[in-house]
Trainee: 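Dumping the structure here so I can ask a few things about it.
Residue numbers run from 1 in the order of the sequence given.
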Amino acid sequence: MKYIAPDQIEQVPGRQIRPGEHFAFRCHAQLSCFNQCCRHLNLFLYPYDVLRLKNHLEMTSDQFIDQHVDVLLREGHYFPEVLLRMSEEGDHPCPFLTPQGCRVYPARPHTCRLFPIEQGVLFDSARKRTTPVYFFRPFDFCKGPGEPQTWTVEAYLKDQDAGTHYQMNLKWAQVRQLFQADPWGLEGPRGPRAKMAFMAAYNIDRFREFVFGSSFLKRYHVKSTLVKKIRQSDEALLEFGFEWIRFFVWGKPSNQMKVR
């Protein structure tokens, strides 16, 4: 999910699909291209993707990151990208691909749910307003657009059960956008504060230990109702992690926590 300036929208690859417009698509095993889109990928993972996948696979965050993730810090960037590590075999398939399809289908990443749609956020800087935008962008070899099934974006997102992913990823995009500027100073983007921020976003197990197993709740006042919620819900804890990054890294005011 990328932030797009209004004057740059025509430069985005693919056909923009506006509210109420339809597109044709259906994927099934009888198509000659079935499973081909799951190879040779640069598949970026959002924090909620990692949370859902590691829980589905019954792995810890550390195990999932060690076994299935590549963490890349590009030159001139201040927060790393997280990519799903493709298999080394043959044409480098997704590690969760089987001849029958995706073995983690219920927990598949947001990008997989949306294909052949790509999603962005149109940012109006004058009004400080964001609007979701969608682009139809199947691969050239994809036969799905030749199928008779048609969708609106809204119907397709509902069919793919992408609502929670969208909400969580929008919240992450709002945090991620802050890292267009450098918050680290001489410490750099590999220093201890940067590692703490990465933990809060992508390592929910270590962040839970940090919140509940350290002096965190003695140093920060968090309402008891919220403490109970983040104890019980991984999703709530992840959202709290986003808020903590804004507060800890950027000094943004928070109604969820205060220094005691």
Side-chain angles (χ1 to χ4, degrees), residues 1-2 11-17 23-75 77 79-120 134-149 151 153 156-157 159-162 165-166 168-169 172-173 176 198 201-203:
M1 186 181 295
K2 298 179 180 179
Q11 303 173 24
V12 178
R15 173 174 68 88
Q16 185 179 355
I17 303 177
F23 64 94
F25 183 76
R26 181 171 174 252
C27 180
H28 54 87
Q30 284 67 51
L31 295 178
S32 61
C33 61
F34 186 64
N35 283 350
Q36 293 306 305
C37 58
C38 305
R39 305 167 192 275
H40 291 295
L41 293 178
N42 287 323
L43 183 58
F44 292 83
L45 296 177
Y46 300 103
Y48 188 59
D49 292 331
V50 172
L51 171 61
R52 289 287 300 270
L53 283 165
K54 75 99 182 171
N55 283 348
H56 182 81
L57 294 166
E58 298 182 344
M59 303 174 76
T60 66
S61 300
D62 281 331
Q63 289 172 333
F64 183 83
I65 291 170
D66 288 345
Q67 296 180 31
H68 294 300
V69 157
D70 290 320
V71 181
L72 306 176
L73 183 62
R74 293 185 287 175
E75 186 175 354
H77 288 239
F79 196 88
E81 308 282 4
V82 175
L83 286 79
L84 183 65
R85 184 181 302 147
M86 296 294 113
S87 171
E88 294 295 329
E89 301 174 359
D91 50 1
H92 303 290
C94 170
F96 307 124
L97 182 64
T98 74
Q100 294 74 38
C102 177
R103 72 179 175 93
V104 295
Y105 190 79
R108 66 198 184 282
H110 188 240
T111 299
C112 302
R113 289 172 190 270
L114 261 60
F115 182 82
I117 301 298
E118 292 191 2
Q119 183 175 6
Y134 303 93
F135 300 86
F136 185 64
R137 197 183 175 195
F139 295 123
D140 291 340
F141 59 75
C142 180
K143 307 296 184 184
E147 295 288 292
Q149 176 74 57
W151 308 88
V153 168
Y156 192 67
L157 297 182
D159 181 77
Q160 297 298 306
D161 192 23
H165 281 77
Y166 168 72
M168 295 295 289
N169 293 343
W172 172 240
R176 192 69 173 77
F198 183 84
Y202 280 100
N203 195 319

Trainee: State the SG-CG distance between Cys33 and Asp140, to the nearest 0.5 angstrom.
Mentor: 11.5 Å

Trainee: With the threshold set at 4.0 Å, does a side-chain nitrogen-carboxylate oxygen contact exist between Glu89 and Arg39?
Mentor: no

Trainee: Nearest 0.5 Å, what's the CZ-CD distance between Phe135 and Glu118?
Mentor: 9.0 Å

Trainee: State, with a plain yes or no, whether a side-chain heavy atom of Leu97 is found less than 4.5 Å away from one of Asn35.
Mentor: yes

Trainee: Find out whether Thr60 and Lys54 are in side-chain contact, i.e. whether some heavy atom of one side chain is under 4.5 Å from a heavy atom of the other.
Mentor: no

Trainee: Given the side-chain rings of Phe139 and Phe141, with only the six-membered ring counted for Trp, is the space between their centroids under 6.0 Å?
Mentor: yes

Trainee: Rounded to the nearest 0.5 Å, how far apart are CG of Asp70 and CD of Glu81?
Mentor: 12.5 Å

Trainee: Could you state the interatomic distance from SG (Cys112) to CG (Leu84), rounded to the nearest 0.5 Å?
Mentor: 8.0 Å

Trainee: Arg26 side chain to Pro148 main-chain N or O, any donor-acceptor pair under 3.5 Å?
Mentor: no

Trainee: Quick one, Ile117 and Phe25 - any side-chain contact, counting heavy atoms below 4.5 Å?
Mentor: no

Trainee: For His110, is there any backbone N or O sitting under 3.5 Å from a side-chain donor or acceptor partner on Asp49?
Mentor: yes

Trainee: Give me the atom names and distance for the closest heavy-atom approach of Pro47 to Ala201.
Mentor: CB-O, 3.0 Å

Trainee: Answer yes or no: is there a side-chain heavy-atom contact under 4.5 Å between Phe115 and Cys142?
Mentor: yes

Trainee: For His28 and Phe34, work out which heavy atoms get closest and say how close.
Mentor: O-CD1, 3.4 Å

Trainee: If you measure from CG on Leu114 to OH on Tyr134, what distance do you get to the nearest 0.5 Å?
Mentor: 7.0 Å

Trainee: Starting from the C-alpha separation in whole Å, work towards a yes-or-no answer on side chain to side chain contact (heavy atoms under 4.5 Å, CB included) for Gln63 and Leu57.
Mentor: CA-CA 10 Å; Gln63 289 172 333; Leu57 294 166; over 6 Å; no

Trainee: Is the distance between the ring centroids of Trp172 and Phe44 under 6.0 Å?
Mentor: no

Trainee: So Tyr166 and Leu157, do their side chains get closer than 4.5 Å, heavy atoms only?
Mentor: no

Trainee: Return the minimal non-hydrogen interatomic distance between Pro80 and Arg176, and the atom names on each side.
Mentor: O-NH2, 3.7 Å

Trainee: Just so I know, are the side chains of Val69 and Tyr202 near enough to count as touching, which here means a heavy-atom distance under 4.5 Å?
Mentor: no

Trainee: Checking side-chain polar atoms at under 3.5 Å, does Gln160 have a donor or acceptor matched by the opposite partner on His165?
Mentor: no

Trainee: Would you give the length of the straight line joining atom CG of Leu73 to atom CZ of Phe198, rounded to the nearest 0.5 angstrom?
Mentor: 10.5 Å

Trainee: With side chains defined as the heavy atoms from C-beta onward, is the minimum distance between Cys38 and Pro93 less than 4.5 Å?
Mentor: no

Trainee: Over 60° means perpendicular and under 30° means parallel, so tell me whether Tyr156 and Trp151 are parallel, tilted or perpendicular.
Mentor: perpendicular

Trainee: In sequence, state the C-alpha distance, the side-chain angles, and the governing distance for Phe96 and His68, and then conclude on side chain to side chain contact (heavy atoms under 4.5 Å, CB included).
Mentor: CA-CA 10 Å; Phe96 307 124; His68 294 300; 3.8 Å; yes

Trainee: Is any side-chain heavy atom of Pro109 closer than 4.5 Å to one of Leu53?
Mentor: yes

Trainee: For the pair Arg52 (side chain) and Pro106 (backbone), establish whether a donor and an acceptor sit closer than 3.5 Å, ignoring hydrogens and angles.
Mentor: yes

